[in-house]
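A quick note: this is a predicted structure, and the numbers were derived from the prediction, not measured. Just follow the structure's listing: the first ligand is 1, and inside any ligand the first atom is 1.
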Amino acid sequence: MTVAPSLLAANFLRLEQECIMLNESQADWFHLDVMDGVFVPNISFGFPIIKQVRQTTKKICDVHLMIVEPEKYAEQFKNAGADILTVHIEACRHLHRNIQQIKGLGMMAGVAVNPHTPVNLLKDILADIDLVCLMSVNPGFGGQSFIPYSIEKIKQLRKMIDDAGLKVKIEVDGGITLQNAKQIAEAGANVLVAGNTIFSSKDPKATIKKLKAT
Ligand code: DX5
Ligand code: ZN
């Protein structure tokens with residue numbers, strides 16, 4: 001299982017220590033949530049934070065864009081240090097073009113889908129992407145509850161990927177806990193994003209280890 005702690009739940013006053021903690025942990029990726037206040041009803045952080053986080057780690061920086069017109073900023077996210085750039089299907093008028101741009105810049109490309117978006121809309125783009133970020137909460141905030149129907153969507157997506165003989169990763173994002181992680185893994189996910197479950201726990205490294213062993 002790949003574990004991707006979401007820095008959104010980190011303490012930004014001690015961001016360097018949080019990054020060091022993650023470096024020492026079994027976390028695989030750093031999940032960085034960028035929000036624009038337009039696509040989602042919240043604003044998080046942008047290039048300066050990502051650049052500084054990048055300097056603290058050699059782990060994969062997995063940047064989840066919750067923004068409109070991501071094509072305007074793809075190159076800047078590459079320069080800030082993104083290894084994976086994920087855009088929302090609901091925010092892209094020309095998704096195929098967005099994906100080609102991301103890959104052309106040398107990043108892995110992901111597509112995120114909101115809870116209301118059927119996974120079968122991904123059918124024709126699956127072969128072009130590295131990852132699907134399946135949102136199991138409505139994007140915009142950490143600390144929300146996992147939407148149960150997401151399990152069904154993970155299973156459908158797993159079948160689509162396997163039937164097509166592809167290696168696209170299924171990343172599940174939102175409301176993941178130590179209690180529901182196993183069910184999510186069994187449904188077919190291979191990347192778990194977790195914010196509050198990790199950063200609000202007494203021992204974040206131990207929590208990461210447990211998620212990793214899911
Ligand atoms: C939500 C973000 C998530 C969020 C997850 O819009 O995409 O990555 O940080 O936070 P938790 O794990 O607390 O639900
Ligand atoms: Zn996210």
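- The shortest contact between atom 9 (O) of ligand 1 and any protein heavy atom is with S6 OG, 2.8 Å.
- Among the heteroatoms counted here (N, O or S) of D33, OD1 is the one nearest to the Zn ion (ligand 2).
- Each of the atoms 6 (O), 7 (O) of ligand 1 lies under 4.0 Å from some heavy atom of M66.
- Of the charged side-chain nitrogens involved, none lies within less than 4.0 Å of a carboxylate oxygen, so that E75 and K78 do not count as a salt-bridged pair.
- The Zn ion (ligand 2) lies closest to atom OD2 when only the N/O/S atoms of D173 are considered.
- A salt bridge links E24 to K205: one of the charged nitrogens lies within less than 4.0 Å of a carboxylate oxygen.
- For the Zn ion (ligand 2), the set of nearby N, O or S atoms under 2.8 Å includes one belonging to H31.
- The aromatic rings of H88 and H64 lie parallel to each other, their planes meeting at an angle below 30°, with 60° marking the opposite boundary.
- Within ligand 1, the atoms closer than 4.0 Å to a non-hydrogen atom of V193 are 8 (O), numbered from 1 in the order shown.
- Distance from atom 6 (O) of ligand 1 to its nearest protein heavy atom, with residue and atom name: G140 N, 2.8 Å.
- Within 6.0 Å of the CZ atom in R97, the count of heavy atoms belonging to other residues, nucleotides or ligands does not exceed 12.
- For the pair T197 and ligand 1, the shortest N or O to N or O distance does not fall below 3.5 Å.
- The contact set between ligand 1 and F141, taken as ligand atoms under 4.0 Å from a residue heavy atom, comprises 1 (C), 6 (O).
- Atom numbering of ligand 1 starts at 1 in the shown order; those under 4.0 Å from a heavy atom of H64 are 7 (O).
- For ligand 1, the polar-atom distance check against G195 finds a nitrogen or oxygen pair separated by under 3.5 Å.
- Every heavy atom of A9 sits 4.0 Å or more from the atoms of ligand 1.
- Taking the Zn ion (ligand 2) as reference, the nearest N/O/S atom within H64 carries the name ND1.
- Numbered from 1 in the order shown, with element, the atoms of ligand 1 that lie under 4.0 Å from a heavy atom of M35 read 6 (O).
- On a distance-only criterion, D173 and ligand 1 share at least one N/O pair closer than 3.5 Å.
- Open room surrounds CD on Q183; 12 or fewer heavy atoms of other groups in view lie less than 6.0 Å from it.
- The atoms of ligand 1 that sit less than 4.0 Å from any heavy atom of M135 are 7 (O).
- Residue H31 approaches ligand 1 through these ligand atoms, each under 4.0 Å from one of its heavy atoms: 8 (O).
- For ligand 1, none of its N or O atoms has an N or O atom of G174 under 3.5 Å away.
- Residue-level proximity to ligand 1 for A194 is carried by the backbone, the only part with a heavy atom below 4.0 angstrom.
- Shown in contact with N196 at under 4.0 Å from a heavy atom are these atoms of ligand 1, numbered in order with element: 11 (P), 12 (O), 13 (O).
- Nearest protein heavy-atom contact of atom 2 (C) of ligand 1 is D33 OD1, 3.4 Å.
- Taking the charged nitrogens against the carboxylate oxygens, D83 and K59 have no contact shorter than 4.0 Å, which rules out a salt bridge.
- The option with the heavy atom closest to atom 14 (O) of ligand 1, from among G175, C133, G142, is G175.
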